[in-house]
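Note sheet for the following structure.
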Amino acid sequence: FAECAAACRKHGVGFHVWKVCWSYKWGTPKEEVEKMRLAGRLVRTVNGQEEKELCPSHPDNIRHEIDTFVEIARKRPDGIHFDYVRYPDSRTCFCDGCRRRFEAAVGRKVDGWPQTFRQDPALAKAWREFRCSNVTALVRGVAEEVRRVAPGVKISAAVFEDFRSTPDTIGQDWKRWSDEGLVDFVCPMDYTDSGVRFARLMEHQAEINRKTPVYPGIGLSSTGAGVEGRARRVAEQIALARQHGYRGFTVFNFDGSAIEVLPKLVL
């Protein structure tokens, strides 16, 4: 952390720490995964399969993530950045804990768990809000505590591009985060090879950009094109972001491909 911070500050580069939420898929010690499994803290799919992801509705998991972000923020980077701040997909989570917490939220027992209860329109709506509220509880908790202990540290998030559908699919209501002022900026993953689609996504996201800065994500690694082709596409999409009045952009990601492409770009 110290070496990265020093290098960034030497060169006038903002230092934002990127944090993957919930996931235990990459390099987590087996004993830690087993500990969480025995504690009932992993997600379960609608078909009953357990996966290496922390359940977003479990209070201890929310607290764990908040504490991690606060620990990072106390070291005073320029910002902290949420990634994977969502459910893995629409198949999760249907663990026993989710059932208990959802039944408590709606105030009654739920029949047809986990396969058919959402055929009831009222329960389907309540389920959507339940999932969104769990993810938002993490974002809100981080915003409140980080701004208290480390004021000035910026809070941002990588989000799926369609804010109208993400509450239903992955419980990610990033329009609410903007409306409530929980994030300082958002980085939708607008990764596409098509300039037309990229422009349409920015038009779609302009509603949020008017309130909270949106930095559209350009997918440098989203194509198999050669160096010249990738450089041309990145430059075109940067120009489109500027033409649409956006105050910045992001490029994913800085790897060997980026080292080849960056010298081709003229700012």
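Keep in mind that the numbers below use all heavy atoms, side chains included, and drop hydrogens, waters and symmetry copies.
- Between the side chain of Asp184 and the backbone N or O of Ile155, at least one donor-acceptor pair lies under 3.5 Å.
- Remark: Arg44 does not engage Glu51 in a salt bridge, criterion side-chain N to carboxylate O under 4.0 Å.
- To the nearest 0.5 angstrom, Leu42 atom CG is 8.0 Å from Arg37 atom CZ.
- Side-chain contact between Gln115 and Asn47 is present, with at least one heavy-atom pair separated by less than 4.5 Å.
- A salt bridge links Glu103 and Arg99; the closest N-O separation between the charged side-chain nitrogens and carboxylate oxygens is under 4.0 Å.
- Looking only at distances, no side-chain donor or acceptor of Ser23 sits under 3.5 Å from a matching main-chain atom of Glu53.
- Within the 4.5 Å cutoff, no side-chain heavy atoms of Glu50 are placed close to those of Val43.
- Checked for salt-bridge contact, Lys175 and Asp179 meet the test: a charged N lies under 4.0 Å from a carboxylate O.
- When every heavy atom of Gly40 is checked against every heavy atom of His58, the shortest pair comes out as O-CD2, 3.7 Å.
- When atom types are taken as modelled, the side chain of Asp78 and the backbone of Gly14 share no donor-acceptor pair closer than 3.5 angstrom.
- Between Phe82 and Trp177, the ring planes are tilted. Angles from 30° to 60° get that label.
- Ring planes of Tyr191 and Phe252: parallel class, angle under 30° (limits at 30 and 60°).
- Remark: side-chain polar atoms of Asp89 are paired, donor with acceptor, to backbone N or O of Arg91 under 3.5 angstrom.
- If you check the side chains of His64 and Arg41, you find no donor sitting under 3.5 Å from an acceptor.
- No donor-acceptor pair closer than 3.5 Å links the side chain of Lys264 to the backbone N or O of Arg232.
- The backbone N or O of Cys132 lies less than 3.5 Å from no partner atom in the side chain of Gln172, so there is not a single donor-acceptor pair.
- Distance alone, capped at 3.5 Å, places no donor-acceptor pair between the Tyr215 side chain and the Pro188 backbone.
- Across every non-hydrogen atom of Ile80 and Phe69, the tightest pair is CD1-CD2, 3.8 Å.
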